[in-house]
Structures are given as C-alpha cells and as structure tokens.
Amino acid sequence: MDPKLDFIKKQLYAANYKLTPQREATVRVLLENEQDHLSAEDIFLMVKEKAPDIGLATVYRTLELLLELKIVDKINFGDGVYRYDLRKDGDVHFHHHLVCMNCGSVHEIEDDLLLDVEKIVESDYDFKIKDHRLTFYGICSKCQDV
C-alpha cells in the first residue's frame with residue numbers, strides 16, 4: 001500500500017472511521033493529483049472513472065470527513081470555486097499559495113512563513129492560533145515575461 005494512503009488510513013481508523021472503497025477511490029484521486037487544486041466536481045469526475053457506481057453526494061461526504069479530520073484543506077482563490085488540497089504528512093499548518101491574477105496558475109509555498117507572526121499575535125493579543133492561511137495574489141514569472 002502507498003505510504004501516504006496508509007498514513008491517511010491510520011488517521012481515519014484513529015477517528016473510528018474505515019477506509020471504504022469509495023473513500024479510498026477519493027483519496028487516491030487526491031494523491032494522484034496532489035499538485036493540482038481540484039474542485040469537488042473535478043474529484044468526482046476522476047473518482048467516477050475508478051468507481052463508476054459512486055455518487056456525487058458520497059464524494060462530498062468523503063471530502064467533508066477528510067476536511068474535519070484535517071487530512072485536506074478547503075480553499076477558495078477568490079473565483080467562487082472551492083478546491084481541496086491534501087495536507088502534507090504531519091504539517092501543523094496549511095501551506096501557502098501564490099495565485100497569478102493573469103493566468104490563474106497556483107503555486108505552493110512549503111515554508112511556513114508566519115511562525116514569528118503567530119508568536120506575536122498569541123502573546124500580544126492573548127489569542128491561541130490553531131491554523132492560518134496565506135495567499136499572495138500577483139503576476140507569475142511566465143506572465144511577466146509576456
């Protein structure tokens with residue numbers, strides 16, 4: 001079994017859920033397209049190729065469960081479409097994104113750029129941070145060259 005799939009299976013079991021065939025098909029699509037930021041509909045269409053009997057509602061329920069267990073994050077880049085992004089194994093925080101306002105490309109920043117900011121917010125504002133998201137909007141290098 002794929003180590004990442006096994007890790008997710010263990011997370012599900014720890015929360016008293018099973019990796020059903022429908023959930024596994026959904027997770028496999030997320031793993032196979034880890035660099036993409038897929039919408040629920042995109043995921044459904046890809047899952048349907050693996051499991052033709054699966055319904056859209058099942059995919060939505062699976063995504064909501066994965067979201068609840070912090071296996072995926074639900075993101076919106078300002079275009080009204082929610083997308084799902086796998087959390088990296090063991091990450092405490094969601095990773096950051098660069099969104100090109102010209103071509104719509106999305107690039108990930110793996111470094112956690114807000115650790116110092118979090119410490120300041122927690123100490124100065126007596127606020128316990130559980131997570132954060134940072135998205136930069138601008139023009140990517142390819143579009144700058146045009």
For Ser105, side chain to side chain contact (heavy atoms under 4.5 Å, CB included) partners two or more places apart: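 So Ser105 forms a side chain to side chain contact (heavy atoms under 4.5 Å, CB included) with Cys100, Cys103, His107, Cys140.
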Counterpart residues, side chain to side chain contact (heavy atoms under 4.5 Å, CB included), relative to Leu45 (two or more places apart):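 Leu45: no side chain to side chain contact (heavy atoms under 4.5 Å, CB included) contacts found.
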Common cluster, Leu115/Ile120, ILVMFWY with side-chain heavy-atom separation under 4.5 Å: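 Unlinked, Leu115 and Ile120 end up in two clusters.
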Cluster check Leu69, Tyr13: I/L/V/M/F/W/Y, side chain < 4.5 angstrom: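 Different clusters.
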To the nearest 0.5 Å, what is the distance between [atom1] ([X]) and [atom2] ([Y])?
| X | Y | atom1 | atom2 | result |
| --- | --- | --- | --- | --- |
| Leu12 | Arg23 | CG | CZ | 6.5 Å |
| Glu32 | Leu5 | CD | CG | 10.0 Å |
| Ile71 | Leu63 | CD1 | CG | 11.0 Å |
| Phe44 | Thr26 | CZ | OG1 | 10.0 Å |
| Leu98 | Leu134 | CG | CG | 8.5 Å |
| Lys50 | Met46 | NZ | CE | 9.5 Å |

Under the 3.5 angstrom rule, does the side chain of [X] hit a backbone N or O of [Y] as a donor-acceptor pair?
| X | Y | answer |
| --- | --- | --- |
| Asp42 | Ser39 | yes |
| Arg87 | Asp73 | no |
| Asp36 | Leu38 | no |

Given side chains that start at C-beta, do those of [X] and [Y] come closer than 4.5 Å, heavy atoms only?
| X | Y | answer |
| --- | --- | --- |
| Leu30 | Ile8 | no |
| Val81 | Asn76 | no |
| Phe136 | Ile109 | yes |
| Leu31 | Lys4 | yes |

How about [X]: does its [atom1] atom have over 12 heavy atoms from other parts shown lying under 6.0 Å from it?
| X | atom1 | value |
| --- | --- | --- |
| Phe77 | CZ | yes |
| Tyr82 | OH | no |
| Asp79 | CG | yes |

Taking every non-hydrogen atom, the tightest pair across [X] and [Y]:
| X | Y | answer |
| --- | --- | --- |
| Val29 | Asn33 | O-ND2, 2.8 Å |
| Val59 | Ala40 | CG1-O, 4.2 Å |
| Asp85 | Glu34 | OD1-O, 4.1 Å |
| His37 | Arg83 | O-CD, 2.9 Å |
| Lys74 | Leu67 | N-CD1, 3.5 Å |
| Tyr17 | Glu68 | OH-OE2, 4.0 Å |

side-chain hydrogen bond (donor to acceptor under 3.5 Å, both in side chains) partners of residues 56-66, not counting sequence neighbours, each pair once: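 Counting only pairs at least two positions apart or across chains, the side-chain hydrogen bond (donor to acceptor under 3.5 Å, both in side chains) contacts touching residues 56-66 are Glu41-Tyr60, Thr58-Arg61.
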